[in-house]
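Notes to accompany the following structure.
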Amino acid sequence: MIRTATPADVPVIHELVRELAEYEKAPDEVKATEEQLREALFGERPAAFAHIAETEDGEVAGFALWFLNFSTWRGVHGIYLEDLYVRPQLRGGGHGKALLTELARICVERGYERLEWSVLDWNTPSINFYKSLGARPQDEWTVYRLTDEALERLGS
């Protein structure tokens with residue numbers, strides 16, 4: 001079952017973010033607090049959205065956290081999937097596909113023309129899963145990022 005996250009889900013979303021960071025071999029990079037997630041997802045001006053995947057028994061299996069982006073070439077919004085994570089012991093049960101299906105449904109319903117995300121080069125199981133759904137890598141693009149001191153220097 002896929003459902004829209006509620007404020008009561010913030011603690012488990014935070015826990016899943018930490019689990020994802022462990023899986024991606026970057027546990028020390030998680031700085032987000034539950035309060036920051038609560039504000040981003042459910043504050044006065046939400047900047048992000050989340051969906052929860054549950055088992056038939058109501059156990060949280062995983063989540064998708066996303067936000068709107070915009071294509072100047074297409075002239076419409078799209079969804080950028082920031083995080084998609086299913087707990088390892090519950091993988092293979094269709095939860096990841098169900099989360100992506102829900103985001104694709106939202107895109108179609110709202111007239112958004114893109115659903116995009118990034119995946120680590122070494123994450124072969126995820127890459128194969130995404131390709132099986134018809135997703136294609138954007139190999140001609142390289143992601144750049146400013147953080148920490150570099151961001152501070154440029155922004156000061």
As an exercise, state the distance from [atom1] of [X] to [atom2] of [Y], rounded to the nearest 0.5 Å.
X: R114; Y: W73; atom1: CZ; atom2: CH2; value: 8.0 Å
X: E54; Y: D57; atom1: CD; atom2: CG; value: 10.5 Å
X: E59; Y: R87; atom1: CD; atom2: CZ; value: 7.0 Å
X: E82; Y: L20; atom1: CD; atom2: CG; value: 9.5 Å
X: E39; Y: T33; atom1: CD; atom2: OG1; value: 10.0 Å

Taking every non-hydrogen atom, the tightest pair across [X] and [Y]:
X: A61; Y: T55; result: CB-CG2, 4.3 Å
X: C107; Y: I79; result: SG-CD1, 3.7 Å
X: V30; Y: A21; result: CG2-CB, 3.2 Å
X: G96; Y: V86; result: N-CG2, 3.7 Å
X: T4; Y: D9; result: O-OD2, 4.4 Å

- Message: Which residue is it: I106, L99, D83? I am looking for the one with a side chain to side chain contact (heavy atoms under 4.5 Å, CB included) to W66.
- Response: I106
- Among the clusters formed by ILVMFWY side chains lying less than 4.5 Å apart, do Y85 and L90 turn up in the same one?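 No, separate clusters.
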- Query: Mind checking whether I127 and L103 sit in one hydrophobic cluster, side chains of I, L, V, M, F, W, Y counted as touching below 4.5 Å?
  - Reply: yes
Considering only heavy atoms from C-beta outward, does the side chain of [X] approach that of [Y] to under 4.5 Å?
X: N123; Y: Y130; value: no
X: E22; Y: E19; value: no
X: L65; Y: F49; value: no
X: I13; Y: I52; value: yes
X: E152; Y: D148; value: no
X: F63; Y: L84; value: no
X: R110; Y: H77; value: no
X: E29; Y: K31; value: no

State whether the number of non-hydrogen atoms from other residues, nucleotides or ligands found under 6.0 Å of [X] atom [atom1] is greater than 12.
X: E140; atom1: CD; value: yes
X: E109; atom1: CD; value: yes
X: N128; atom1: CG; value: yes
X: Q89; atom1: CD; value: yes

- Please assess V60 against L16 for the test side-chain contact (heavy atoms from CB on, under 4.5 Å), listing each intermediate value before the final yes or no. CA-CA 9 Å; V60 173; L16 292 167; 3.8 Å; yes
- Relative to each other, are the rings of W122 and Y23 parallel, tilted or perpendicular (30° and 60° limits)? tilted
- Short N-O contact, E15 and R18, less than 4.0 angstrom: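 Salt bridge flag = no for R18 with E15.
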- Apply side-chain contact (heavy atoms from CB on, under 4.5 Å) to I2 and H95, showing your working. CA-CA 8 Å; I2 305 302; H95 303 293; 5.7 Å; no
- Could you walk me through whether L81 and E116 pass the side-chain contact (heavy atoms from CB on, under 4.5 Å) check? CA-CA 6 Å; L81 175 60; E116 297 179 310; over 6 Å; no
